[in-house]
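A short worksheet on the structure shown next.
Quick note on labels: first sequence line is chain A, next is B, and so on, each numbered from 1. The figures here come from the full heavy-atom set of this structure, side chains too, leaving out hydrogens, waters and symmetry mates.
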2 protein chains.
Amino acid sequence: MNIQNSPLTRKLGSYVVLSDNDLDVLAQLHKRRRIFVPGVDMIHEGQKNQPAYILANGWAISFKILRDGTRQIVDIQVPGDFLGLRSLLFRTSDHNIEPITRVEASVVQAGDLFDAFTRTPRLATAVLWAASRDEAMVVEHLVGLGRRDAAERTAHFLLELGARLKLVGLAKLDGYDCPLSQHVLSDALGLSAVHINRVLRQLREEGMLTFRNGHVSFDDFDRLVAFADFDVAYLDDYAPMLK
Amino acid sequence: MNIQNSPLTRKLGSYVVLSDNDLDVLAQLHKRRRIFVPGVDMIHEGQKNQPAYILANGWAISFKILRDGTRQIVDIQVPGDFLGLRSLLFRTSDHNIEPITRVEASVVQAGDLFDAFTRTPRLATAVLWAASRDEAMVVEHLVGLGRRDAAERTAHFLLELGARLKLVGLAKLDGYDCPLSQHVLSDALGLSAVHINRVLRQLREEGMLTFRNGHVSFDDFDRLVAFADFDVAYLDDYAPMLK
DNA sequence: CGTCGGGTTGATAACTTTCAAATTTCGTGG
DNA sequence: CCACGAAATTTGAAAGTTATCAACCCGACG
C-alpha cells in the first residue's frame with residue numbers, strides 16, 4: 001500500500017504538511033493489518049487492554065446496547081479514523097465497535113503509538129487534532145439528538161458525514177457512497193426505522209437530498225445546508241489547507 | 001487553600017495515590033485564581049487561544065446555541081473538573097462555557113500544564129484518566145438523548161451527576177445539593193421546561209427521587225437505579241480506590 | 001421458487017411540546 | 001422586617017411529533 005494515499009495520511013495532511021520522516025513513522029504504524037467482517041465485533045464492551053485501530057477500508061459503528069435491546073450508535077467510523085484511541089489508555093472499553101462492511105484496519109499497540117509520537121511530535125499534534133475533531137462531531141451529534149427535529153437531524157447528520165468523507169477523498173461535493181441501512185441510520189439518529197424512512201422521503205420529495213441504493217446525493221446543497229443549519233466551516237476550514 | 005482537599009486532588013486521588021511531588025506540582029497549577037459570575041461567559045464559541053480552567057468552586061455549563069435560539073447543554077461542570085482541556089490545544093472553541101453559580105477557577109496555561117506533565121508523568125496519566133471519564137459521560141448523555149424516554153433520562157442524568165459529585169466529596173449516598181434550575185435541566189436533557197417539571201413530579205410521587213429547593217434526594221436509591229438502568233459501576237469502580 | 005432482510009406505506013397510539021395562566025420563591029430596596 | 005417585581009415552578013388543555021403495529025413490496029440468494 002502507498003502510505004501517501006492512505007485515508008489517514010490524507011486527513012492528517014489536510015492539517016499539517018507531513019515530512020518524509022512523518023510519513024515513515026506513519027507507515028510503521030500500518031505494519032499489522034487485520035480484516036473484520038460484519039457480525040464480528042472489533043471491540044466489545046467490557047474487554048480489557050484493547051489495541052487501537054486505524055481504519056483503512058470499510059465502515060464501522062460504535063454503539064451501546066440498552067436494557068431493552070435497542071441500541072444507540074454514538075459514532076460512525078470511516079476510513080482514516082482512529083478507533084479506540086482512548087480505550088488504549090484506559091481500562092475496559094465502555095462501548096462496542098462493529099464493522100458494517102468488510103473492514104481493513106491496522107492494529108496499533110499503545111507502545112508503538114507512543115514511540116511514534118516521540119519520534120515526531122508534529123505527528124502527535126496532528127493525531128490529537130484529528131481525535132479532537134472527531135470528538136467535536138460527537139458533541140454535534142449530541143446537540144442534534146437533543147434539539148433538532150427528525151428531518152433537520154437527519155440532514156445535518158448526512159451533511160456532516162459527507163464533510164468527514166470529503167477529508168479522506170471519499171466524497172464529492174454533491175454526494176457520496178454510503179453503505180448504511182436505514183435501520184443503522186435510525187439507531188444513530190435516535191429514531192425508529194419507519195420514521196427515518198418517512199423523513200428520507202420528505203427530503204427527497206422536497207428536492208434536497210436523495211438517500212438510495214447506498215448512495216447519498218445532495219440534490220440542492222445550499223438549501224439543504226440552510227435547512228439543517230449546517231456549519232459549512234466544517235468543510236471550508238479544512239479544504240483550503242489541502243493545497 | 002489546602003491543595004490536599006481541593007476537589008481535583010480528591011478526584012485524581014481516587015485514581016492514583018498522589019506523592020508529595022505530585023501534590024506540589026498540582027499546587028503550582030492553582031496559582032492564578034479567577035472569579036466568574038453567572039451571565040458572564042468563561043469561554044465563548046469562536047474565541048481563540050483560550051486558557052483551560054480547573055473548577056475549584058461553583059458550577060458551570062457547556063452548551064451550544066442553535067439557530068432558533070434554543071440551546072443544548074452538553075455537559076455540566078462541577079468542582080474538580082477541567083474546563084477546555086481540548087480547546088487548550090486546538091484552534092477556536094466550538095462551544096460556550098458559562099457559570100451558573102459564582103465560580104472560582106484556576107487558570108491553566110498550556111505551557112504550565114505540559115511542564116507539570118513532564119515533571120510527573122503519573123499526574124499526566126491521572127489527568128487524562130479524568131478527561132476520559134468525563135468523555136465517557138458525554139457519550140452516556142448522548143445515549144440517553146437518543147434512546148431513553150424523558151423519565152429514565154432524567155433519573156439517569158441525576159444519578160450520574162451524583163456519582164460525579166461523590167468523587168469530589170460533594171454528594172452523599174442519598175443525595176446532593178444541586179443549583180440547577182428546571183430550565184437548565186431541560187436544556188441538558190433535550191426536553192421542555194414544562195415537561196421536566198411533570199417528570200420530576202412523577203419521580204417524586206413514585207417515591208424515587210425528589211428535586212426541590214436546590215437539593216436532589218434519592219428517596220429510593222435501588223429502585224431509582226433499576227428504573228434508570230444506571231450502571232452502578234460508575235460508583236463502585238472508583239469509591240474503593242479511595243481507601 | 002421460496003425465503004429473508006430491507007424498504008415502504010397507512011392507521012393508531014404514545015410521548016412531548018406549546019400555549020396560557022396561576023402560584024410560589026427569592027433578591028432587593030424601603 | 002416587609003413589600004414588590006422578576007424569575008422559577010406548577011398545572012391544564014390542545015396541538016404536534018414520533019413510535020408502534022400491521023401489511024405489502026422487492027430484490028438477492030440458495
Side-chain angles (χ1 to χ4, degrees), chain A residues 37-39 59 61 66 68-73 98 100-102 144-158 177-205 209-216 227, chain B residues 37-39 59 61 66 68-73 98 100-102 144-158 177-206 209-217 227:
Chain A
V37 294
W59 294 37
I61 51 178
L66 304 208
D68 64 359
T70 62
R71 68 177 179 183
Q72 175 62 47
I73 293 175
E98 184 179 294
I100 53 174
T101 67
R102 182 175 180 278
L145 288 170
R147 286 297 182 210
R148 280 191 258 265
D149 71 23
E152 282 174 19
R153 186 145 95 226
T154 303
H156 195 281
F157 182 82
L158 292 175
D177 290 327
C178 173
L180 304 179
S181 69
Q182 292 186 7
H183 184 78
V184 167
L185 211 49
S186 75
D187 281 343
L189 294 170
L191 301 167
S192 68
V194 172
H195 197 59
I196 261 288
N197 183 283
R198 294 190 226 274
V199 165
L200 290 174
R201 171 163 54 135
Q202 179 201 326
L203 292 173
R204 176 168 14 98
E205 285 175 352
L209 173 149
T210 307
F211 180 101
R212 206 157 234 183
N213 296 117
H215 190 82
V216 174
F227 174 75
Chain B
V37 293
W59 294 37
I61 51 178
L66 304 208
D68 64 0
T70 62
R71 69 177 179 182
Q72 175 62 46
I73 293 176
E98 185 179 294
I100 53 175
T101 67
R102 181 174 180 278
L145 288 169
R147 286 296 181 212
R148 280 192 258 265
D149 71 22
E152 282 174 19
R153 186 144 96 227
T154 304
H156 195 282
F157 183 83
L158 292 175
D177 290 327
C178 173
L180 303 179
S181 69
Q182 292 187 8
H183 184 77
V184 167
L185 210 49
S186 75
D187 282 342
L189 295 170
L191 300 166
S192 67
V194 171
H195 198 58
I196 261 288
N197 183 281
R198 294 190 226 275
V199 165
L200 290 174
R201 171 163 56 134
Q202 179 202 326
L203 292 173
R204 178 170 10 101
E205 286 176 351
E206 289 180 1
L209 174 149
T210 306
F211 181 101
R212 206 158 233 182
N213 296 116
H215 190 83
V216 174
S217 302
F227 175 75

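For R204(A), the listed nucleotide lying nearest its side chain is dT8(C); candidates were dA8(D), dT8(C), dT18(D). Side-chain proximity of R201(A) to the nucleotides dT16(C), dG10(C), dC26(C) is greatest for dG10(C).
Look at CG on L200(A): it is 15 Å from P on dG6(C), rounded to the nearest Å. Across the protein-nucleic acid pair, E152(B) atom CD and dA19(D) atom P stand 15 Å apart, rounded to whole Å. Going from atom CG of L145(A) over to atom P of dT16(C) covers 14 Å, rounded to whole Å. Note: CG (L180(B)) to P (dT9(D)) measures 10 Å, nearest angstrom. Look at CZ on R148(B): it is 20 Å from C1' on dA14(C), rounded to the nearest Å. The separation between I100(A) atom CD1 and dG6(C) atom P is 12 Å, rounded to whole Å. Rounded to an integer number of Å, the gap from D149(A) CG to dT18(C) P is 11 Å.
The shortest side-chain heavy-atom distance between L185(B) and F157(B) falls under the 4.5 Å cut-off. Annotation: side chain of T154(B) is in contact with side chain of L191(B) (closest heavy-atom distance under 4.5 Å).
Taken from CZ in F211(B) to CG in L180(B), the straight-line distance is 5.5 Å, to the nearest 0.5 Å. The CZ atom of R147(A) sits 8.0 Å away from atom CG of L66(B), with the distance rounded to the nearest 0.5 Å.
A heavy atom lying under 4.0 Å from DNA chain D marks the following residues of residues 182-198 of chain A, by number: G190(A), L191(A), S192(A), V194(A), H195(A), R198(A).
The nearest pair of heavy atoms linking A150(A) to V199(A) is CB-CG2, 3.8 Å.
Looking at N213(A), its side chain never comes within 3.5 Å of a backbone N or O of H215(A) through a donor-acceptor pair. Checked by atom type and distance alone, the side chain of R71(A) never pairs as donor or acceptor with a backbone atom of D187(A) at under 3.5 Å. Side chain of E98(B) to backbone of G39(B): no donor-acceptor contact under 3.5 angstrom is found.
For R212(B) and dA8(D), the shortest distance from a side-chain N or O to OP1 or OP2 is not below 4.0 Å.
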Inset, instruction - Go through H156(B) and R153(B) one step at a time and tell me if the side-chain contact (heavy atoms from CB on, under 4.5 Å) criterion holds. - result: CA-CA 5 Å; H156(B) 195 282; R153(B) 186 144 96 227; 5.9 Å; no

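Taking five base pairs at each end of the helix from dC1(C)-dG30(D) to dG30(C)-dC1(D), the local helix axes there meet at an angle of 40°, rounded to 10°.
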